[in-house]
**Student:** 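Structure in structure tokens, see below.
Hydrogens, waters and symmetry mates are skipped; everything else that's a heavy atom, side chains included, is used.
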Amino acid sequence: MDKAYNSSQEGHIYDQWLESGAFTPVVPKNPKVAKIKDKPFSIILPLPNANDPMHMGHALFTIQDILVRYHRMLGQPTLWLPGGDHAGIETQFVFEKRLAKEGKSRFDFDRQTLYQMIWDFVEDNRKLNQFQMKKLGFSMDWTRYHYSLEPAIVDNVLATFKKLYHDGLVYRDEKIVNYCTRCGTAFSNLEVDHKTVDSHLWYIKYGPITVATTRPETMLGDTAIAVNPKDKRYKDLIGKTITLPLVNKEIPVIGEDSIDIEFGTGAVKVTPSHSPEDYDMAKKHNLEFVRIFDYDGKSNNNVPEKYRGFFPKQVRQMVVDDLTAAGLMEKIENYSHEVGHCYRCGNPIEPITAPQWYVKIAPLAKPAIEAAKTGQLKFFPNRFKKTYITWMENIRDWNISRQIVWGPRIPAWYCLDCNPDIKLNFLDKNKNIVSDFYRNTKNKYSFEEINNGLQSLVAPVGTDFTVEHLDNCSKCNSVNLIQETDTFDTWFLSGQWPLSTLGFNTADPSKSSPDFDYFYPTTIMDTLWDILFFWVARMTMFGLYLTGDVPFKTVHLHSKVTDAKGQKMSKSKGNVINPLDMTEKYGTDALRMSLVYGIAPASDFVVSEDKIRAQRNFVNKIWNASRFVEMLIDRLHEKNPDLKISELKSPLSKGDLEGFSQADKDILEKLNKIIISTTKNLESYHFGQASENLYQFFWHEFCDVYIENAKDRGEETIPILLTVLKASLKLLHPFIPFVTETVYQNLKEKFNFKKELLISSSWPINEN
RNA sequence: GAGUCUAUAGCUCAGUUGGUUAGAGCGCUUCGUUGACAUCGAAGAGGUCAGAGGUUCGAGUCCUCUUAGACUCACCA
């Protein structure tokens, strides 16, 4: 044995595990029946973005590996199912940044071409991501790996959409949406970051009424003034009209109870197309909708000519200048308030009315709330149960459509000839962008030319559609049927991940795979709590909706990785520690151990190079302790070639301790305790405590006390040394699999350990 | 605006259902070893467990309030 542990052997060890089949559980012939008897243990990996290079967040999958290795050693059929996510908007955003470097944009390509380009881009990275997870020793069943854009996965997702549609849970509507003009797509509420912005409150004179607003530029789209009916100042004006400045248009004054008399002037300008509150008021009072900013973020034909074609910021300046010049700006106050920003690119969100696809969520949320309340779905730590229920109870309908190409297209087809008001954006055969209504393009371009060059379309709400691709329109028999260009919110697909990957068949559940029967519901879902709503909540709803059962029995949530100062790792802060660099430098085991050592459940993971180095020393300590035990035994063996070398028969049974010294009894008793506490800590997700106790036991009890003591003694220590060492290797294996397996392999032949891999050996059991 | 979490040694953090002298890693002091160990071992210094009050035979651990941070959610102008 070398003087120090050499972590460069890790790859070889991993291959041994892989080849042994240890990662791949066998599903019994009759899975539904066997499930009760065998007690399978299963975890679905929170699918990493396939284009994402490894970072510390991925290294936290160590938690799952610990659980999986532990349960595998308990003898349970254990599945850890890996996967990769196409990650819709995330990936398209990254890809568009690359395009920008080449001086190109998404508008230079038709959607098919763009899709293929992104596909190729992701394929390259996908393999790298898998390689990196292997490097960290994750004992995933690669034979069951799935990628989110596999045909079978996508088919299942489309089938779910159809089922939702037929159950009356899918609808189209033109409401205010969170629209990012840079990304060119709408987002769900969850994808909006609210940031405090220092701005102003502009007081603008609208004839007899002065309004206070944070967005003067949207005044061009005002269609009413709202005041509180109890407000004496304006009471008499309700029902009358006033003239909208700059636009010179008559708009009504309406009474609205929700208006705060105390705030500003007590009068609010109402812009139904660019404010969620105003939208609601407009619906209630039947006001006109005037959308002044379009999907490209610029002002459109609905504003006076001089303001057309500008971004909101520019329009704001022009409007403020003009109002000031006209003497209509009463005053400007400093004011800070919350403004929604795109979580992806950071651009301010423009609330805009746009036709989108929605899922009626209340019927899905109800059973998901029940499951949490009844304990069918458990949370660790338990406090997240409340967070989850509160969110679920206040949930709003889910906008599932995204105006991007990277993802499965919504399976809905429109007949162009029945719906000439569909707006089409496409590249003609000369690669020129055409953007017009079908009624204007139908005589100039063939359907093929439109469809081949298609970038996007906008079908007004109410447009007839089918969720099957028919050859002819059932009404007019036209063959010009065009598919919706909106794609699904990524979470619509990943929300069905446990079902899709285990082979659940939405269209015909009776045809689901044995894997589904055996492993569903999975045992634990372990993930960062920041995707509790995005992902965990959606999976629960889909799982219950489609199968009647939760997708996992327990949600284990943990926090983020921070540096030694407790700051979140980010590129901009420059405090990122690359896990792969650390594995190169200190070995994978050291990194893994440092991630869990001394970390309280659900708190931040504090990682520093110092900590990793300390754990590297521990790994080396194990190596050397083993080396020393081997040497000690060899030495005794040389003196006495007939020496019988064996472990204790029944290591922890007290009856066998007759004739042993106090030191022997002490260490065995402590071993006994550590077996009990490690088991208990693993069962209750106290990984930090478990690893810390093992560290203390191995180093400061076994090495410092027992081995030191054994130096002065003879052959009678051999059974104890071997027993404690072997049990320690097993207990430590889930945390630091490589060194323990390596040592085990070195020792097993020499000391008649069973010829097996440590990964497949059995968990030490306390027999007291 | 609603909610959640955190506050323990110089630094980063453990301390699972309340129970004997409050722990680890790194750092610091002294000594030993360098023939298992990237050194390692032995001994030690260092904490009124944010503050105040309460429950209890007993509280770092439970309750209330205060202070200071962090985070999440949220259509108010």
Side-chain angles (χ1 to χ4, degrees), chain A residues 1-6 175-176 178 189-190 192-194 201-203 211-216 218 225-227 256 258-260 262-271 275-281 335 337-338 340 349 351 380-381 383-384 386-387 390-391 394 396 529-530 532-533 559-560 562-568 586-587 590 594 597-632 677 680-681 683-686 688-693 695-696 699-700 703-705 707-708 711:
Chain A
M1 282 174 87
D2 294 336
K3 198 171 174 187
Y5 172 63
N6 180 358
K175 316 191 228 191
I176 288 271
N178 307 301
N189 292 337
L190 277 178
V192 177
D193 284 338
H194 294 87
L201 204 52
W202 286 269
Y203 287 75
V211 299
T213 181
T214 54
R215 296 205 63 193
T218 62
I225 296 290
V227 297
E256 174 62 42
S258 63
I259 304 300
D260 183 352
E262 304 293 322
F263 187 91
T265 60
V268 178
K269 63 192 268 310
V270 184
T271 320
S275 156
E277 306 81 42
D278 297 2
Y279 175 89
D280 292 341
M281 267 189 249
Y335 185 69
H337 64 133
E338 300 287 312
I349 288 290
F380 184 90
R383 63 185 153 90
F384 284 108
K386 190 180 173 185
T387 313
T390 307
W391 183 80
N394 295 301
R396 287 156 178 252
W529 52 254
D530 61 359
L532 176 62
F533 305 136
S559 194
K560 61 187 183 299
T562 74
D563 66 11
K565 290 173 186 164
Q567 294 200 312
K568 192 173 180 175
Y586 301 106
S594 74
Y597 186 91
I599 296 296
S603 71
D604 289 348
F605 288 78
V606 183
V607 180
S608 65
E609 202 163 333
D610 276 351
K611 198 173 168 189
I612 299 169
R613 198 180 299 119
Q615 295 305 330
R616 186 271 320 268
N617 290 350
F618 176 59
V619 167
N620 195 48
K621 186 78 183 176
I622 294 169
W623 176 263
N624 273 292
S626 313
R627 191 157 76 103
F628 183 71
V629 167
E630 193 180 336
M631 215 177 73
L632 210 60
S677 82
K680 193 179 153 197
N681 281 322
E683 291 290 343
S684 60
Y685 314 117
H686 287 78
Q689 195 62 48
S691 56
E692 203 172 325
N693 291 350
Y695 181 105
Q696 289 303 315
W699 196 318
H700 301 301
C703 294
D704 291 354
V705 179
I707 290 183
E708 288 301 321
K711 284 178 180 175

**Student:** What closest approach, in Å, do A/Tyr335 and A/Leu201 show between heavy atoms, and which atom pair accounts for it?
**Tutor:**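 Nearest pair, atom of A/Tyr335 first, then A/Leu201: CB-N, 3.8 Å.
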
**Student:** Using side chain to side chain contact (heavy atoms under 4.5 Å, CB included) as the criterion, list what pairs up with A/Glu708, not counting sequence neighbours.
**Tutor:**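 By the side chain to side chain contact (heavy atoms under 4.5 Å, CB included) rule, A/Glu708 matches A/Lys711.
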
**Student:** Under 4.0 Å, counting only non-hydrogen atoms across every strand here, what does A/Phe618 touch: a base, just sugar-phosphate, or nothing?
**Tutor:**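 Contact class for A/Phe618: none.
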
**Student:** Heavy atoms only: give me the nearest A/Lys269-A/Asp278 pair and the separation to one decimal.
**Tutor:**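 So the two residues come closest at O-OD2, 3.4 Å.
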
**Student:** RNA chain B in dot-bracket, Watson-Crick or G-U pairs under 3.5 Å, [ ] crossing, | other strand?
**Tutor:** (((((((..((((.....[...)))).(((((.......))))).....(((((..]....))))))))))))....

**Student:** Which part of the nucleic acid does A/Tyr597 contact within heavy-atom distance under 4.0 Å: base, sugar-phosphate only, or nothing?
**Tutor:**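 The answer is sugar-phosphate, as A/Tyr597 gets under 4.0 Å only of primed atoms, P, OP1 or OP2.
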
**Student:** Quick one: closest heavy-atom pair of A/Gln689 and A/Asn681, and the distance?
**Tutor:**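 Result for this residue pair: CG-ND2, 3.8 Å.
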
**Student:** Going by the rule side chain to side chain contact (heavy atoms under 4.5 Å, CB included), which residues pair with A/Thr265 if we only count those two or more places apart in sequence or in a different chain?
**Tutor:**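 So A/Thr265 forms a side chain to side chain contact (heavy atoms under 4.5 Å, CB included) with A/Tyr203, A/Thr210, A/Tyr234, A/Ala267.
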
**Student:** Reckon A/Asp278 touches a base, only the sugar-phosphate, or nothing at all at heavy-atom distances under 4.0 Å?
**Tutor:**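 Touches nothing.
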
**Student:** Mind checking if A/His194 touches a base, just sugar-phosphate, or nothing, with heavy atoms under 4.0 Å?
**Tutor:**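 Base contact.
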
**Student:** Passes side chain to side chain contact (heavy atoms under 4.5 Å, CB included), A/Thr387 versus A/Trp391? Steps please.
**Tutor:** CA-CA 6 Å; A/Thr387 313; A/Trp391 183 80; 5.8 Å; no

**Student:** Determine, for nucleotides 2-9 of chain B in 5'-to-3' order, which nucleotides have protein heavy atoms under 4.0 Å from the base (write B), from only the sugar-phosphate (write S), or from neither (write -).
**Tutor:** -SSS----

**Student:** Enter the distance from A/Ser691:OG to A/Gln696:CD here, rounded to the nearest 0.5 Å.
**Tutor:**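 It comes to 10.5 Å.
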
**Student:** Quick one: label A/Leu201 by what it contacts on the DNA or RNA (base, sugar-phosphate, nothing), any heavy atom closer than 4.0 Å.
**Tutor:**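 Touches nothing.
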
**Student:** Between the protein and nucleotides 18-22 of chain B, which nitrogen or oxygen pairs are less than 3.5 angstrom apart?
**Tutor:**
none

**Student:** Whether the side chain of A/Lys611 engages the backbone of A/Tyr597 through a donor-acceptor N/O pair (distance < 3.5 Å, no angle test) should be reported.
**Tutor:**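 At least one qualifying donor-acceptor pair exists.
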
**Student:** Quick one: what's the B/S/- string for nucleotides 28-39 of chain B, heavy-atom cutoff under 4.0 Å, read 5' to 3'?
**Tutor:** --------BBB-

**Student:** Once you round to the nearest 0.5 Å, how far does CG of A/Asn620 lie from CZ of A/Arg627?
**Tutor:**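 Answer rounded to 0.5 Å: 8.5 Å.
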
**Student:** Reckon A/Asn394 touches a base, only the sugar-phosphate, or nothing at all at heavy-atom distances under 4.0 Å?
**Tutor:**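 Counting heavy atoms under 4.0 Å across all strands, no contact is made by A/Asn394.
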
**Student:** If I take atom CH2 from residue A/Trp699 and atom CG from residue A/Asn617, how far apart are they, to the nearest 0.5 angstrom?
**Tutor:**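 Here the interatomic distance stands at 5.5 Å.
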
**Student:** Examine the side chains of A/Tyr695 and A/Gln615 and answer whether a donor and an acceptor come within less than 3.5 Å of each other.
**Tutor:**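 No, because no side-chain N or O of A/Tyr695 sits under 3.5 Å from a partner of the opposite role on A/Gln615.
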
**Student:** How many angstroms lie between atom CG of A/Asp530 and atom CG of A/Leu190, to the nearest 0.5 angstrom?
**Tutor:**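 A/Asp530 CG to A/Leu190 CG: 11.5 Å, rounded to 0.5 Å.
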
**Student:** Pair A/Ile259, A/Val227 - check side chain to side chain contact (heavy atoms under 4.5 Å, CB included), show working.
**Tutor:** CA-CA 6 Å; A/Ile259 304 300; A/Val227 297; 5.6 Å; no

